[in-house]
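Here is the structure we will look at.
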Amino acid sequence: MSAPDKSILLTGNQAVAWGARLARPKVVPLYPITPQTPILEQLTEFQAAGSFDAEIITPESEHSVMSACIPASLVGVRVFTATASQGLLLMHELLHYASGARVPIVMANVNRTVASPWAFWPDQTDSLAQRDTGWIQYYVESAQEALDTVIQAYRVAEQVLIPTMVNLDAFYVSHAMEPVLVPTQDLVDAYLPAFAPPHRLDTDKVESWGNVVSQEMFFRHRQELGEAMARVPALAAQADHEWAQRTSRGHGVIERYRCEGARTVIVTMGSMCGTVRDAVDAMREAGQAVGLVKVRLFRPLPTLGLREALAGVDEVIVLDRNYSPGHGGVLHQELRAALYGSPATPRIHGLLAGVGGVNVSPAKIVEFVKHASQSEALADSQWVR
C-alpha cells in the first residue's frame, strides 16, 4: 500500500484544515471563534495559494453558518465547517435540522469551556451537550488523529447520510504542534469516493424538504434515522481499518491499551488519553495491572464494543473533562448505562477530572487509581483536582 508522502509540523487546527483540504469539500461556511479561528485562517491560506478549490463563506454568526451548510449539502456537494464552544451552542437549533435533513456535513469542534463565567480552556461540555441532536461524534487525541478522522468522518457520514462532528480539545490538541504524516491527494481520492447522494435539490428532479408531515411520517423518519445510526459503529470500524491498510495508521472505534490481564481500566476521551498512557506505563512498571480504554466514537456509543473491552475487569475509573449539572460526568453515566445488565459488571468510579482545563498529570492519575481501589463504586461523579 502507498504511504504518506510527507511529515509536517502542524498544530491540531492546521491538521484539521489539511484533512478538510484533502477531502475536497466544495462549500465551507465558517465563523471565527477562539480557539477554532486558525482552521479558518489555514483554509483561506490554502485557497489563496490555489490549492483549495472551495467556496469559503463567512456569514455573520454560527447560526448562519449552519444555515448555509444545510442547503449546500442538500444540493449534493461536500460541505465542511468548524466551530467551538458558544458557537456550537448557537448552532443548536440547526444541528437538529441538519440531522433531520440527513445531510452528511462534517464539522470540527474545538472543545472549549462554555459561559458563564467566561473562559477559553479545554472542556468537552460544549459538544456533549449536543449528544441528542442526531450527529455522529468523534473525540480525537492528537493532531494526527484529527487529520485522519476528518477524512474518515466523510467516509462514514456519506454512507449513512448523518452529519458528523470531530471534536478536539482546545490548546492541548488545537494549538500544540507535532509531526503529522500528511497523505497524498491520490491516496485520499482513492479512499473517499465522490459524494453522490441519492436525493438532492435538483430542478430536473423536483423534491421537497422540510415540509410539515403527519405523526406517522415523523415517527417513520426518526426510526430510519435510528436505524442509520445503528450502522455507524461497524462502518466506522471498517473505515478505520481500510484507512490503516492504506496509511499504516488506525485508531479504532475504541482502543484498548495495555488491557491484557488488567484488573483496573481507566476510560476517557480526547487528549487526556495521552496522559493516561504515561500513567498506565508507570503503573505497569510498578507491577500494577492497569489499562486504558479510549472512547473515540461517542455517538452512537459503541455499547457492544465497550462491554467486550471491559469484560472480566474488576474496576473501571472514568475520567470526565465535562460536567452536566445535576448529573455529573457524561461519559461516566453513559458507560454505567451501557454496562448495566452485562454479566459481572465491574465497579465503576466516575471522576470529574480536568473540567475547565485543569491540568491532570500522570502522577495525579496514579493517585486516582490508588484511591479508587480503597473506595466503593460511585453512582455519582466525584470532583477531583
Side-chain angles (χ1 to χ4, degrees), residues 25-27 29 57 59 61-81 83 87-107 109 126-138 153-166 193-236 239 297-304 324 326-327 330 333-334 337-338 340-341:
K26 287 299 181 183
V27 178
I57 307 170
S61 74
E62 289 88 355
H63 189 280
S64 297
V65 162
M66 191 52 59
S67 297
C69 288
I70 294 167
S73 185
L74 284 174
V75 299
V77 299
R78 192 167 282 159
V79 177
F80 175 79
T81 189
T83 190
L88 181 64
L89 302 188
L90 186 56
M91 289 180 178
H92 178 76
E93 174 193 1
L94 278 304
L95 298 185
H96 282 283
Y97 200 104
S99 61
R102 303 296 295 274
V103 288
I105 300 160
V106 170
M107 173 167 63
N109 176 62
D126 56 352
S127 54
L128 290 172
Q130 314 307 317
R131 61 190 179 275
D132 299 326
T133 57
W135 283 59
I136 299 166
Q137 289 197 20
Y138 284 95
Y154 278 108
R155 176 72 175 266
V156 176
E158 291 172 4
Q159 289 182 83
V160 292
L161 298 179
I162 297 177
T164 302
M165 195 182 302
V166 178
F195 179 42
H199 301 281
R200 69 184 76 186
L201 293 171
D202 186 343
T203 54
D204 293 328
K205 185 182 177 183
V206 178
E207 296 182 1
S208 63
W209 298 80
N211 47 312
V212 177
V213 297
S214 68
Q215 298 99 318
E216 177 61 29
M217 291 175 68
F218 190 89
F219 175 88
R220 189 167 65 248
H221 179 278
R222 302 303 285 180
Q223 189 175 36
E224 290 172 355
L225 178 60
E227 290 168 354
M229 268 288 192
R231 297 171 54 206
V232 169
L235 291 173
L297 178 68
F298 174 78
R299 262 303 177 270
L301 193 71
T303 299
L304 180 59
S324 175
H327 185 65
V330 173
Q333 301 299 341
E334 294 254 347
Y340 180 79

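Here the closest non-hydrogen pair linking S99 and L225 is O-CD1, 4.1 Å. Closest approach of Y97 and G210 over heavy atoms only: OH-CA, 3.6 Å. Taking every heavy atom of both residues into account, R78 and P193 meet most closely at NH2-O, 2.7 Å. The two residues I162 and T164 have their closest heavy-atom pair at O-OG1, 3.4 Å. Closest heavy-atom contact between P25 and Y154: CB-OH, 4.1 Å.
Listed for the R131 side chain is a donor-acceptor partner under 3.5 Å among the backbone atoms of L128. A distance-only check finds no donor-acceptor pair linking the side chain of R222 to the backbone of G100 [under 3.5 Å].
Contact annotation: the side chain of V103 never approaches that of V79 to less than 4.5 Å [non-hydrogen atoms, C-beta and beyond]. Inter-residue side-chain proximity for L90 and T83 is flagged as unmet; no heavy-atom pair is nearer than 4.5 Å.
Looking at H199 and E207, their side chains do bring a donor and an acceptor atom within 3.5 Å of each other.
Note that CH2 of W135 and CE of M229 are 10.5 Å apart. Values are rounded to the nearest 0.5 Å. One distance of note links CG of N109 with CG of L88; it measures 4.5 Å at 0.5 Å rounding. Considering CG of L95 and CG of D132, their distance stands at 12.0 Å, rounded to 0.5 Å. Taking CE from M107 and CE from M165, the interatomic distance works out to 4.0 Å, rounded to the nearest 0.5 Å. Separation of atoms OH (Y340) and OG1 (T303) is listed at 15.0 Å; rounding is to 0.5 Å.
Shown are Q137, H92, H96; of these, the side chain to side chain donor-acceptor pair (under 3.5 Å) with Q130 is made only by H92.
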Expected list for residues 62-77: side-chain donor-acceptor pairs under 3.5 angstrom, two or more places apart:
from : atom 1 : to  : atom 2 : distance (Å)
H63  : NE2    : E93 : OE1    : 3.0
S64  : OG     : E60 : OE2    : 2.7
S64  : OG     : S61 : OG     : 3.4
S67  : OG     : H63 : O      : 2.9

How far apart are the C-alpha atoms of E334 and F298, what are their side-chain angles, what is the distance that settles it, and do they pass the side chain to side chain contact (heavy atoms under 4.5 Å, CB included) test?
CA-CA 9 Å; E334 294 254 347; F298 174 78; 3.8 Å; yes
